[in-house]
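So that the names make sense, note that chain A is the first sequence line, chain B the second, and so on, each numbered from 1.
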There are 2 protein chains.
Amino acid sequence: MTVLRVAAELGYVPNMSAGLLAAGTSRVIGAVLPSVRNSAFYNYTVGMRREATKRGFEVITMIAETPEEELSSVQTLLGLRVAGVALVAGPHAPELHHLMDRCGTPVVESWGGENAIGSGVGYNVGDASRDVTRHLIAQGRRRIGFVQISGGGGLRYAHRLPAFQQEMFRAGLADDLVLTIRASDGFGAGAQIINDLVAREPRLDAVLCPSDIVAAGAVFECNRRGLSVPKEIAIAGWGDYDIGRQLTPTLTTIAPFADEIGISAVSALLNASDRDQSPIQTRYALYIRESA
Amino acid sequence: MTVLRVAAELGYVPNMSAGLLAAGTSRVIGAVLPSVRNSAFYNYTVGMRREATKRGFEVITMIAETPEEELSSVQTLLGLRVAGVALVAGPHAPELHHLMDRCGTPVVESWGGENAIGSGVGYNVGDASRDVTRHLIAQGRRRIGFVQISGGGGLRYAHRLPAFQQEMFRAGLADDLVLTIRASDGFGAGAQIINDLVAREPRLDAVLCPSDIVAAGAVFECNRRGLSVPKEIAIAGWGDYDIGRQLTPTLTTIAPFADEIGISAVSALLNASDRDQSPIQTRYALYIRESA
DNA sequence: AACCAGTATTGTAGCGCTACAATAACATGT
DNA sequence: ACATGTTATTGTAGCGCTACAATACTGGTT
């Protein structure tokens with residue numbers, strides 16, 4: 001036993017490469033993230049780490065902003081012979097599908113569900129979108145604008161718009177007040193969307209934003225214009241970010257329970273033996289606060 | 001050559017463990033981050049990836065929220081026999097120093113500088129703090145509150161308070177309006193600090209916040225109280241986060257050029273052969289905007 | 001004392017590569 | 001034709017571990 005003490009003293013760390021090479025399995029799982037600027041992805045990693053630690057695994061993450069970077073990250077991870085790869089839904093390099101099919105390493109794709117690579121984990125974005133829309137309609141809002149995100153992130157939320165339009169149609173309301181912004185716009189988009197939507201519909205009385213960040217930007221712009229939220233206009237966010245709780249008014253939003261996605265992703269990865277390919281649904285909630 | 005095509009077709013990825021074991025070196029560098037909830041750390045990883053890619057390396061990151069997690073992350077990375085380890089300044093597990101000393105793997109510690117493990121990379125936090133303080137004093141502010149962060153993150157900013165106090169003393173002003181908040185408080189801290197500081201000094205005319213997030217919270221609280229920013233009270237942030245540009249008023253802040261820290265960290269790691277242990281100073285800037 | 005099942009110990013092949021030695025093929029000069 | 005230098009090809013040891021076979025010890029039976 002004392003040999004271990006001395007070993008530790010000397011800074012010895014077992015060579016995982018060798019161990020892995022000999023044993024053929026490692027206790028490391030790899031996650032590829034498309035940027036980590038928002039707390040949702042952060043919570044996702046927290047969930048992954050919690051579940052992984054519980055089962056004696058470690059999580060290493062690689063950040064990839066483009067499909068090409070994602071592919072090369074996955075190759076690195078596969079080269080390291082990780083026990084599993086956790087992907088996030090989004091546009092993938094075409095080779096990636098092929099690679100994951102043949103490599104034999106378990107994969108999950110989170111935040112998407114639909115025709116995922118490997119098993120899918122995510123919450124029902126369509127239902128969530130329906131919930132917010134119904135809530136706004138029930139409030140008596142009639143001219144509701146919808147803002148969607150283009151580019152990579154947009155893919156994760158493909159079901160939002162159809163669900164919105166379906167609900168609007170069912171209520172006999174116009175569902176064409178739709179605006180598309182670039183994914184990277186951050187807070188700055190908020191001002192833009194209020195300008196554009198008001199220009200198109202002066203009597204605009206609600207906006208459904210793709211994230212709390214955009215929603216916060218929209219609230220700032222409404223303040224500048226002297227438009228009162230929620231009296232004259234309702235603003236709904238998405239993602240339950242910190243800022244939504246602190247803003248005046250606090251933001252009504254969809255909370256995606258991102259940590260549960262992480263937990264389920266790791267579980268799916270490590271139970272990949274039982275070929276239960278049915279997508280895992282995680283929970284979400286509509287938090288009704290002051291802004292809508 | 002066609003064999004490579006077939007190999008790729010079959011989803012073959014070279015086993016890095018084997019290659020590493022044989023060659024003794026990998027082209028992967030490992031970074032350990034203490035959470036990635038703010039854009040500063042994100043930009044840091046962007047810089048690291050840019051520089052690493054340029055030199056033909058990959059970056060894998062592990063997130064560790066406690067010194068123990070950090071230690072175990074480093075062990076995993078060392079087990080993987082990465083080419084270098086990039087740490088972020090903060091409280092480390094005592095074993096970590098010892099481990100890094102003996103393991104022979106190059107290390108850098110970023111965001112700190114002072115008595116770093118391995119080579120240090122960071123900007124001069126003291127100078128930055130001095131700059132903001134001088135700016136506030138030059139504006140005619142006299143009763144300036146200073147908010148610091150306790151816990152892990154606080155260590156990265158240890159030089160802020162002394163620099164502030166030095167400048168205040170030099171200007172003949174009271175330097176004891178100091179408040180300490182917990183690192184994790186986010187936006188919520190903003191309200192708290194305005195309450196506490198005003199209670200201690202009703203004629204408070206400026207606050208130096210530890211982050212733009214806290215500063216934004218403070219601005220929100222001032223709005224609620226009907227305190228006009230910057231007319232009655234100046235609010236300075238730190239970190240140049242997105243929100244600071246979008247808030248009304250926009251936030252005066254310190255921009256740390258985090259991507260440069262990342263670039264320098266990777267350079268230091270890969271040039272570790274030349275034992276140039278002198279800390280690397282990266283740039284920063286005081287962005288004077290509306291709030292102060 | 002001889003036997004056997006059960007347990008602890010030691011020894012060794014081999015994981016998939018890379019580095020480099022050994023060898024083969026070739027060009028050049030006398 | 002042969003020696004010599006130069007480049008291309010092939011072969012092989014070994015990186016640090018793990019899995020498992022081989023062997024050495026137990027203690028309880030007959």
Return a single string for nucleotides 10-20 of chain D, one symbol per nucleotide in 5' to 3' order, where B is base contact, S is sugar-phosphate-only contact and - is none, cutoff 4.0 angstrom on heavy atoms. ----BBBBSS-
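Using a 4.5 Å heavy-atom threshold, the side chains of Ile29(B) and Val82(B) count as separate.
Sorted by first then second residue, the ring-ring contact (aromatic ring centres under 6.0 Å, His included) pairs that include residues 18-38 of chain B, not counting sequence neighbours, number zero. Note on residues 64-83 of chain A: no pairs pass ring-ring contact (aromatic ring centres under 6.0 Å, His included), not counting sequence neighbours.
Ile213(B) pairs by the side chain to side chain contact (heavy atoms under 4.5 Å, CB included) definition with Phe187(B), Ser211(B), Tyr241(B), Ile243(B), not counting sequence neighbours. For His97(B), the ring-ring contact (aromatic ring centres under 6.0 Å, His included) partners two or more places apart in sequence, or in a different chain, are His92(B).
Between Glu58(A) and Arg49(A), none of the side-chain N atoms (NZ, or NE/NH1/NH2) sits under 4.0 Å from a carboxylate O, so this pair counts as no salt bridge.
Aromatic rings of Trp111(B) and Phe41(B) (six-membered ring for Trp) have centroids within the 6.0 Å cut-off, being under it.
When the local axes at the two ends of the helix from dA1(C)-dT30(D) to dT30(C)-dA1(D) are compared, using 5 base pairs at each end, they differ in direction by 70° after rounding to 10°.
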